[in-house]
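Okay, so here's the structure we're looking at.
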Amino acid sequence: MKNHEIASLFERIADIMELKGENTFRINSYRKAARVIGDLTEDIEEIAKTQKLTDIPGIGKGTAEKIIEYINTGKMSKYEEVKKGVSEETVGLMQIPGLGPKTVSLLSRELGIVGLRDLENALQAGKLKGLFGIGEKKIENIAKGIELFKISQQRISIGLAYPIVKRIIAELQRNPHMKDIQAAGSLRRMRETVGDIDILVSGAKGAEIVKAFANMRGVTQVLAAGDTRGSVRVEEGVQVDVRVVCEDDFGSALQYFTGSKEHNIHLREIAKKKGFKINEYGIFKGDKKVGGRFEQEIYRILGMDWIPPELRENRGEIEAAQKGTLPNLIKLSDIKGDLHNHSNWSDGTPTLEEMAVHAMKMGYQCLAVSDHSRSLHVANGLKEEELLEEIEEIDRLNKKFNGFTLLKASEVDIKADGTLDYPDKLLEKLDVVVASIHSGFKQGREKITERMVAAIHNHYVNIIAHPTGRLISKREGYEIDMDKVIGACSETGTALEINCYYDRLDLNDINCRKAKESGVMIAISTDAHHVDQMWMMELGVGIARRGWVEKKNVINTLFIDKLKAFCLKKRGRNKRSDPEI
DNA sequence: GCCGTTTTCGGCCCGACTGTTTTCAGTCG
């Protein structure tokens, strides 16, 4: 699939054009094209074949031609043309906070600065002084920007940011001056990574609230503390911003600060056409404020349903809200069990009973114990006879429980040749079989896809765990043809997992939506190795919501008998089709 | 370069902040 390549090519074209000072609207249309192509769930080559490229909003005749040229020749003449005389490194300088296209272009033109090292040298040598439009303060800010750029290169997983936000909100809620409080930004949208944390507060005494915020425990550095805005760094290293608005503006401010940028732009275009204006202070008809206390008002006034924050990425949610066809997104309270967990039988810390007790506290009706299989020595994988013993232990425990079931399961390794780590006769004794890849990551796309598809076709495999194997900010996933994997799952009645563990979150939102659209069932599972990790179900549900997933698409929202039936159906289906069994 | 319930031309989101210059350009979210 060339979607990603083509999207980043358009993004690069936009960056270079920006640096060259070309028409802003033209630049924006390249950015828009990059964005929609990056978000597509279908293969762009397939769309091109059916000549439907221009049906994609933001893709017109010109862009379509460029896409087709790239598909056919592997090159895009527009890109070749714009990049002449510009270094990639120079374009990269625009990533530095405070440095936009104008300044970078000036530095490059006047001082011959190409990359970061040149810039640092020029700063050191005091060469920036005296350039038109650049004063003392600007030079200082560029130096600060470079520092910030170096630190903030990494976004952190939402799994790390989420507990920080919970802690801060709990602390601020004790402040008597405060009315409303809500996390905004990419965290509220449940993006898998966040750059910084935004918290929005309403209340009359802004300065008091900001002061309390700056004095919270866990704050290591106060970056700013004014009447309406505070900015701190906390011990986990993340920057947290708080903004205080008056109660009457809270809804519109929340809408504004939640984003995404693309969603807000699209919404404001619609507002404008209808004769309204939206900003962080409200929605206005002429000079008259017609809403702003609640976020819902804004969407309602614009003639659409309220859009859950997780969908606000300008991926068709606005059109769906206008038509009243938004999905009825899954909720955390819909989850009835967790289907991928590890006990102290393999590499987890809790006993089976501790896991069960915690699951009951969470209101679940079942929990699958899916310890590792024999080949995974590093994770103390269970030998066949050990798994049989564990099954007996689970049977014993289940007799003690009332209205709760520990499901017999295993996270079985998919070996390099696509076979499974346990024989079928052993898998047959399990309620749920979770299969996954833990080795041979470098096999190559075709081989690894074949291997995965072979496992999916096994009669006993119910769930494919962490389907791409990626670790956020640590490891790219193995190369795999997700369309083929989804196709095989759809054909065989196999579910794909959203692994909730904070550095996996795999499937991601885009693949998740693709799976849903192909009718593949989803399992949202924590992969917990400790009971304290089971809360991460919240993260997985967030990713599912970003993938437009509804309760009916998720197997662990099913009552236990239905869940067992789902798992058994695959075995039955194969038995019927294979007379030898 | 895209788009159309002011449709084939003319507009394209909005406001705050900062710094530099003296009325506004650049950058950011």
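In what follows, chains are A, B, ... by sequence order, proteins preceding strands, each numbered from 1. Given the structure is predicted, the values throughout are model-derived calculations rather than measurements.
Within the 4.0 Å cut-off from OP1 or OP2 of B/dC12, not a single side-chain nitrogen or oxygen of A/Lys273 is found. Close to B/dC14, at under 4.0 Å from its OP1 or OP2, lies a side-chain N or O of A/Lys272. Between B/dC3 and A/Lys32, no contact under 4.0 Å exists linking OP1 or OP2 to a side-chain N or O. OP1 or OP2 of B/dG15 has at least one side-chain nitrogen or oxygen of A/Asn279 nearer than 4.0 Å. For B/dC2, one of the phosphate oxygens OP1 or OP2 lies less than 4.0 angstrom from a side-chain nitrogen or oxygen of A/Thr63.
The pairing partner recorded for B/dT8 is none, the criterion being a Watson-Crick or G-U wobble arrangement whose two distances lie under 3.5 angstrom.
A gap of 13 Å separates the C1' atoms of B/dG26 and B/dT21, to the nearest Å. B/dG10 and B/dG15: their C1' atoms are spaced 24 Å apart (whole Å). Taking atom C1' on both B/dC2 and B/dT8, the two are 12 Å apart, rounded to the nearest angstrom. Look at the C1' atom in both B/dT20 and B/dA25: the space between them is 9 Å, to the nearest Å. B/dC17 and B/dC12: their C1' atoms are spaced 24 Å apart (whole Å). For the P atoms, the distance linking B/dG1 with B/dT5 amounts to 23 Å, nearest Å. A gap of 24 Å separates the C1' atoms of B/dT23 and B/dG29, to the nearest Å. For the P atoms, the distance linking B/dC9 with B/dC14 amounts to 25 Å, nearest Å.
With hydrogens and angles disregarded, no donor-acceptor distance shorter than 3.5 Å links the side chain of A/Gln95 to the backbone of A/Gly92. Checking side-chain atoms of A/Asp198 against main-chain N and O of A/Ala184 turns up no donor-acceptor pair under 3.5 Å.
Between the CG atom of A/Asn264 and the C1' atom of B/dA16 there is a distance of 15 Å, rounded to whole Å. Protein atom CD1 of A/Ile278 is 21 Å distant from nucleotide atom P of B/dG29, rounded to whole Å. Regarding A/Lys289, its NZ atom lies at a distance of 13 Å from the P atom of B/dG15, rounded to whole Å. Taking atom CD on A/Gln239 and atom C1' on B/dC28, their separation rounds to 13 Å, with Å as the unit. One interatomic measurement links the two molecules: CZ of A/Phe284 to C1' of B/dG15, which rounds to 11 Å at whole-angstrom precision. As rounded to whole Å, 14 Å separates atom C1' of B/dC24 from atom NZ of A/Lys102. To the nearest angstrom, P of B/dT27 lies 9 Å from CD1 of A/Ile142. The distance from atom CG of A/Leu99 to atom P of B/dT27 is 8 Å, rounded to the nearest whole Å.
Screening A/Ile13, A/Leu9, A/Val82 for a side-chain contact (heavy atoms from CB on, under 4.5 Å) with A/Tyr30, the sole residue that qualifies is A/Ile13. In summary, of the residues considered (A/Ile156, A/Leu160, A/Val194), a side-chain contact (heavy atoms from CB on, under 4.5 Å) with A/Val238 occurs for A/Ile156 alone.
Contact check for A/Thr228 versus A/Val245: no side-chain heavy atoms found under the 4.5 Å cut-off.
Within 4.0 Å (heavy atoms only), A/Lys274 reaches no atom of the nucleic acid at all. Note on A/Leu267: nothing from the nucleic acid sits closer than 4.0 angstrom, heavy atoms only. Note on A/Lys61: only backbone sugar-phosphate atoms sit closer than 4.0 angstrom, heavy atoms only; bases stay farther off. Residue contacts for A/Ile96: at a heavy-atom cut-off of 4.0 Å it reaches the sugar-phosphate backbone alone, with no base atom in range. Nucleic acid contact class of A/Ile27 (heavy atoms, under 4.0 Å, all strands): none.
A/Trp535 and A/Tyr162 have parallel rings, their planes meeting at less than 30° on a 0 to 90° scale where 60° marks the start of perpendicular.
Side chain of A/Asn141, nearest nucleotide from B/dT18, B/dG15, B/dC2: B/dT18. Among B/dG19, B/dC14, B/dG29, the nucleotide with an atom closest to any side-chain atom of A/Lys138 is B/dG19. Considering only the side chain of A/Thr103, B/dT27 comes nearest among B/dC2, B/dG15, B/dT27. Comparing atom distances between the A/Pro97 side chain and each of B/dG29, B/dC28, B/dC14 picks out B/dC28 as nearest. Which of B/dA16, B/dC2, B/dC28 sits closest to the side chain of A/Tyr281 comes down to B/dA16. Closest contact between the side chain of A/Lys137 and the listed nucleotides B/dT20, B/dG1, B/dG15 involves B/dT20.
At a cut-off of 3.5 angstrom, counting only N and O atoms as typed in the model, there is no donor on one side facing an acceptor on the other between the side-chain of A/Tyr256 and the base of B/dG15.
A donor-acceptor pair shorter than 3.5 Å can be found between the side chains of A/Tyr70 and A/Glu5.
One finds a salt bridge joining A/Glu46 and A/Lys49 here, because a Lys/Arg side-chain nitrogen approaches an Asp/Glu carboxylate oxygen to under 4.0 Å.
Where A/Lys78 and A/Phe25 each meet DNA chain B at their nearest nucleotide, the meeting point lying more 5' is that of A/Lys78. Mapped onto DNA chain B by nearest heavy atom, A/Ile56 and A/Met94 fall at different nucleotides, with A/Ile56 at the one closer to the 5' end.
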